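Beneath this line is the structure, given in structure tokens, with notes to follow.
What you are looking at is a predicted structure, and each value in this text was computed from that prediction instead of being measured. Here, residue 1 is the first one in the sequence, and each next residue gets the next number.
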Amino acid sequence: MRRAAIAWGLVVGLTACGQGLNWREVRFEGQPDRVLLPCKPEQAQRQVQLGAQSVTLSMKGCEIQDLHFTWSNMPWPSDAQPAQVLRAWQRASLLSLGANPEVAEQASSVTLKGADTDPAPTQLTAQAKGGGPQAHFIWWVRAQQVHQLAVYAQQGPIPKGVLQHLTEGIELP
């Protein structure tokens, strides 16, 4: 029985991190924070309006095995509080997914060593209305920056091994 449990654990682990998922360290230039993504990301920047200020949103993302991974960050405007920016980003992400933005209230705490604690890092899995795509988001604040790490699945649930690897791959020195 014990051997079967160990074998099953190995199969699940290899399925989540195997075939085609080549996890690699990703950083934004000039920042010490890093995350692990399972594919080589492309990057982009765009201006977004937050309150009365325009800020630069920096993004890195890649797609593999019907999963889309993104890591984004932006400075918060001087006229806004980090918690306000984080809440606005959560709601905008859920609207973009096609989910009810009110589910942002269901985000749960996640421990990220090195992240600011006010506001605390949070995570949330949400699905588009009508059973559409699913996404798992992790949000945190650190060093005057607001971050979002996400994985999106067009079909079916996001594998738990992928979620675990994604969360454990966040390093905030």
Practice item. Let me know which of I138, L166, T125, T70 forms a side-chain contact (heavy atoms from CB on, under 4.5 Å) with V151. Key: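 Of the listed residues I138, L166, T125, T70, the side-chain contact (heavy atoms from CB on, under 4.5 Å) partner of V151 is L166.
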
Which heavy-atom pair separates [X] from [Y] by the least distance, and what is that distance?
X	Y	result
Q90	A104	CB-CB, 4.1 Å
N73	Q31	ND2-OE1, 3.1 Å
L97	A135	CD2-CB, 3.9 Å
S93	Q148	OG-OE1, 2.6 Å
L86	P119	CD2-CG, 3.6 Å
P41	R24	CD-CD, 4.4 Å

Roughly how far apart are [X] [atom1] and [Y] [atom2], rounded to 0.5 Å?
X	Y	atom1	atom2	value
L163	E168	CG	CD	11.0 Å
L172	L112	CG	CG	6.0 Å
H165	L36	NE2	CG	5.5 Å
R46	M74	CZ	CE	9.0 Å

_Co-membership, hydrophobic cluster, residues V103 and L95, 4.5 Å side-chain_ = no

[X] side chain vs [Y] backbone, donor-acceptor pair below 3.5 Å:
X	Y	answer
K60	R27	yes
Q84	Q81	yes
Q134	I158	yes

Compute whether any side-chain donor of one residue and acceptor of the other, for D33 and Q145, lie under 3.5 angstrom apart.
no

| task | Ignoring hydrogens and angles, state whether a donor on the side chain of Q47 or S54 is under 3.5 Å from an acceptor on the partner side chain. | result |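 There is such a pair (donor and acceptor under 3.5 Å, judged by atom type) between the side chains of Q47 and S54.
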
Which of these passes ring-ring contact (aromatic ring centres under 6.0 Å, His included) with F137: Y152, F69, W71?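 That would be Y152; it is the only one of Y152, F69, W71 passing the ring-ring contact (aromatic ring centres under 6.0 Å, His included) with F137.
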
Any side-chain heavy atom of P32 within less than 4.5 Å of one from R142?
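Yes, close enough: below the 4.5 Å cut-off.
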
Does Q155, at its CD atom, have more than 12 non-hydrogen atoms belonging to other residues, nucleotides or ligands within less than 6.0 Å?
no

